[in-house]
Asker: 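Got a structure for you, written out below as structure tokens; questions coming shortly.
All values reported here derive from a predicted model rather than from experimental measurement.
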There are 2 protein chains.
Amino acid sequence: MNKSVGIKDVAAAAGVSVTTVSHVLNDVSYARVGAETRERVHDAAQRLGYGPNRMAQALRTQRSGMIGFISEEIATTPHAGRIILGAEETARARGYNIMIINSAITGSQDSRESDVADLLDRQVDGILYATMYHRRLAVPKNLAGVPAVLVDSEDTSQTVCSVIPDEVRGARSAVQTLIDAGHSRIGMITNTDDVPATHSRLRAFKEALADAGLVFDGNLVQTEPSEVPGGYAAASRLLDRPDRPTAVFCYNDRMAMGAYRAAAELGLRIPQDVSFVGFDNQQLIAENLYPALTTVALPHYEMGAWAATQLIDAIEGKTDLGSLVARPTILDCPLVVRDSVAPPPG
Amino acid sequence: MNKSVGIKDVAAAAGVSVTTVSHVLNDVSYARVGAETRERVHDAAQRLGYGPNRMAQALRTQRSGMIGFISEEIATTPHAGRIILGAEETARARGYNIMIINSAITGSQDSRESDVADLLDRQVDGILYATMYHRRLAVPKNLAGVPAVLVDSEDTSQTVCSVIPDEVRGARSAVQTLIDAGHSRIGMITNTDDVPATHSRLRAFKEALADAGLVFDGNLVQTEPSEVPGGYAAASRLLDRPDRPTAVFCYNDRMAMGAYRAAAELGLRIPQDVSFVGFDNQQLIAENLYPALTTVALPHYEMGAWAATQLIDAIEGKTDLGSLVARPTILDCPLVVRDSVAPPPG
DNA sequence: GGACGTGGGAGACCAATGAACAAGTCAGTG
DNA sequence: CACTGACTTGTTCATTGGTCTCCCACGTCC
């Protein structure tokens, strides 16, 4: 239990004042310290294993080097982890640390505000607010005036800068890869949630067909809850008929997993008889289905990294978040090609 | 950008000294403050939305109320999220916040030490060190003397307290559920990794058989890498013969997922023709396979919560971690019953 | 009028930073 | 040769926002 060494200990060891130690170690421009003294200070600091007390430093400089990270339901989705990782690695590379708070998605507006207040009391320099899935939300009032960026969601009041995935381009590239493989009867399994992703992906589906000169057939779009059983049900309806589509774009990988089972039960081989494309790139599913699922990746790591970069730039006065609030920044969703797409049969 | 309110502002608003404000708000036992004054202080604090500056507080009291959380590969496994959640919720309920650092599993011992040093410079009151999967590791040297607990791993030097899952009991209950269903020819799909879980689960398998008076048949144990393709390969060998087992215990849910496919290809119905039990309770897989997989849950949330509780108790002097270092604390792995187990055919 | 109780404030302290200042050296200068 | 000014090399001290120990003023009671 060696009580931690302070700047005083270093000063004593080097035979100089604490100020000199501070000046040397921070390498301040106005420091007037001789080379030999500098070396003594560095030696002493090294020997004692000195690291500055970041709280005292923060108190004095009014900058904590901490970023608050509010995450809705940290655990329930592996995605959240990627966002955190992107933010953490970026922040750390720039000398910042992340203080994390879990916020229940069911929490009241009051509880959200107290999450923010907690972080503010901790003197964080800025706040990253990440939601579990892409949606629009009303940010806590006390977030105003604090450098902040929203990850994977949009602010209804348009006062906070945000970054979201490019659902439309992602979905279009998913459908396009089907078209490119030669398919002309393409179905879609969509879902019942009223979230931006639902609308964007469906819209992109229609646009991609139109651009390719294909007619949109409402019968080829089946709607179910966005989980595995829903995917199974929707795919069963879609595939169990003579004029079935030769390819299906699934709202997400979970629904695709259900669709795989539907295909198997109907004796349809993937991708020889029917091709599938998913969305989300949930590794556990997409990589492990047989055949592995071609899908679209959500840029979680990238959103976390982008958000941290912007936030820190703003904190350090390099940029102004204000110019970014008008509309969300959208990041590309790359297609991840695996083995579930082939040309149509015959 | 309303500059945040300090204790001085509250004091001015209430017409008292900062000392009095501090005394009232902290409700200190030795405070000698009249009821009416107390009310004025509370009112003023409320009105101004005052929250104490936790850094200044920490500096003075030598207690930051922050816990450092080092997580190996935050993102790669959904499990890590559960540990963080357990720790975060527990910590917050007791007034602590979590500062998170991601540590690459491939990182050097030096980089691990600098992770710890980072946290120590931040004046965290204690450190939680969580690994990606249960294993033995050499803790960073500078962790000595700091309240700390290891989550999901054991310290080779036995100087740090740790909490791990009860692999043996968990695996035994998995095998037992098969025995209870009436199976006597039970196979196991195990893996090639040299980690405690591999050995414990295999040992438990043998013990459970022995206790039930069943003979262990080495041919019914197949070894492969612990991923989906490995499970497929192992299960194919196990199931593609006349004297196949009627039930299989899989090392983990991913291997079980592969085993499901092997069974399907052989025309075996689950659970009518062959029963399966997994391990890990990876929701995405276990819940969504068809039929849903009966498996054993790793107590990630509970380990995180237990670790945070012990750590905070130690920080607050309520308990001594020293008494816990001798051997890891083991937490129960509950069986999660779903639909993949039935009596043997015939 | 001294002891005691009550209500509240002054000021040191935590570990750093940074503006202002001081001591010593040396060259240039009248 | 003494004085000045510039430069070098550090140091002093206030400051950050709280906490906590000790002290003080004012009444009251015996």
Asker: Rounded to the nearest Å, what distance is computed from the OH atom of residue Tyr30(A) to the C1' atom of nucleotide dT8(D)?
Answerer: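 Atom-to-atom, Tyr30(A) to dT8(D), this comes out as 17 Å.
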Asker: Quick one: is dG8(C) close enough that its OP1 or OP2 comes under 4.0 Å of any side-chain N or O from Thr37(B)?
Answerer: yes
Asker: Please round to the nearest 0.5 Å and tell me the distance separating atom CD1 of Ile101(A) and atom OG of Ser114(A).
Answerer: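 One finds 8.0 Å between CD1 of Ile101(A) and OG of Ser114(A).
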Asker: Nearest whole Å is fine: how far is dG17(D) P from Gln123(A) CD?
Answerer: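 Nearest whole value for this atom pair: 9 Å.
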Asker: Tell me yes or no: between the side chains of Thr20(B) and Ser17(B), is some donor less than 3.5 Å from an acceptor?
Answerer: yes
Asker: Side-chain N or O of Arg32(A) less than 4.0 angstrom from OP1 or OP2 on dT8(D)?
Answerer: yes
Asker: How would nucleotides 10-16 of chain C be written as a contact map, 5' to 3', with B for base contact, S for sugar-phosphate-only contact and - for no contact, using protein heavy atoms under 4.0 Å?
Answerer: BBBBBBB
Asker: Which whole-number value in Å describes the distance from Glu36(A) CD to dG10(D) C1'?
Answerer: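 Atom CD in Glu36(A) sits about 13 Å away from atom C1' in dG10(D).
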Asker: Hey, does Met66(B) have a side-chain heavy atom less than 4.5 Å from the side chain of Val124(B)?
Answerer: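 Yes; the side chains approach each other to less than 4.5 Å.
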Asker: State whether Asp152(A) and Arg82(A) are salt-bridged, where the test is any N-O pair (Lys NZ or Arg NE/NH1/NH2 against Asp/Glu carboxylate O) under 4.0 Å.
Answerer: no
Asker: Round to a whole Å and report the spacing from CZ of Arg38(A) to C1' of dT8(D).
Answerer: 12 Å
Asker: Checking side-chain contact (heavy atoms from CB on, under 4.5 Å) against Ile127(B), which of Val149(B), Val160(B), Leu120(B) comes through?
Answerer: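 Testing Ile127(B) for a side-chain contact (heavy atoms from CB on, under 4.5 Å) against Val149(B), Val160(B), Leu120(B) leaves exactly one candidate, Leu120(B).
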Asker: May I ask you to decide whether Arg47(B) forms a salt bridge with Asp9(B), counting only side-chain N to carboxylate O separations under 4.0 Å?
Answerer: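 Looking at Arg47(B) and Asp9(B), the cut-off is not met.
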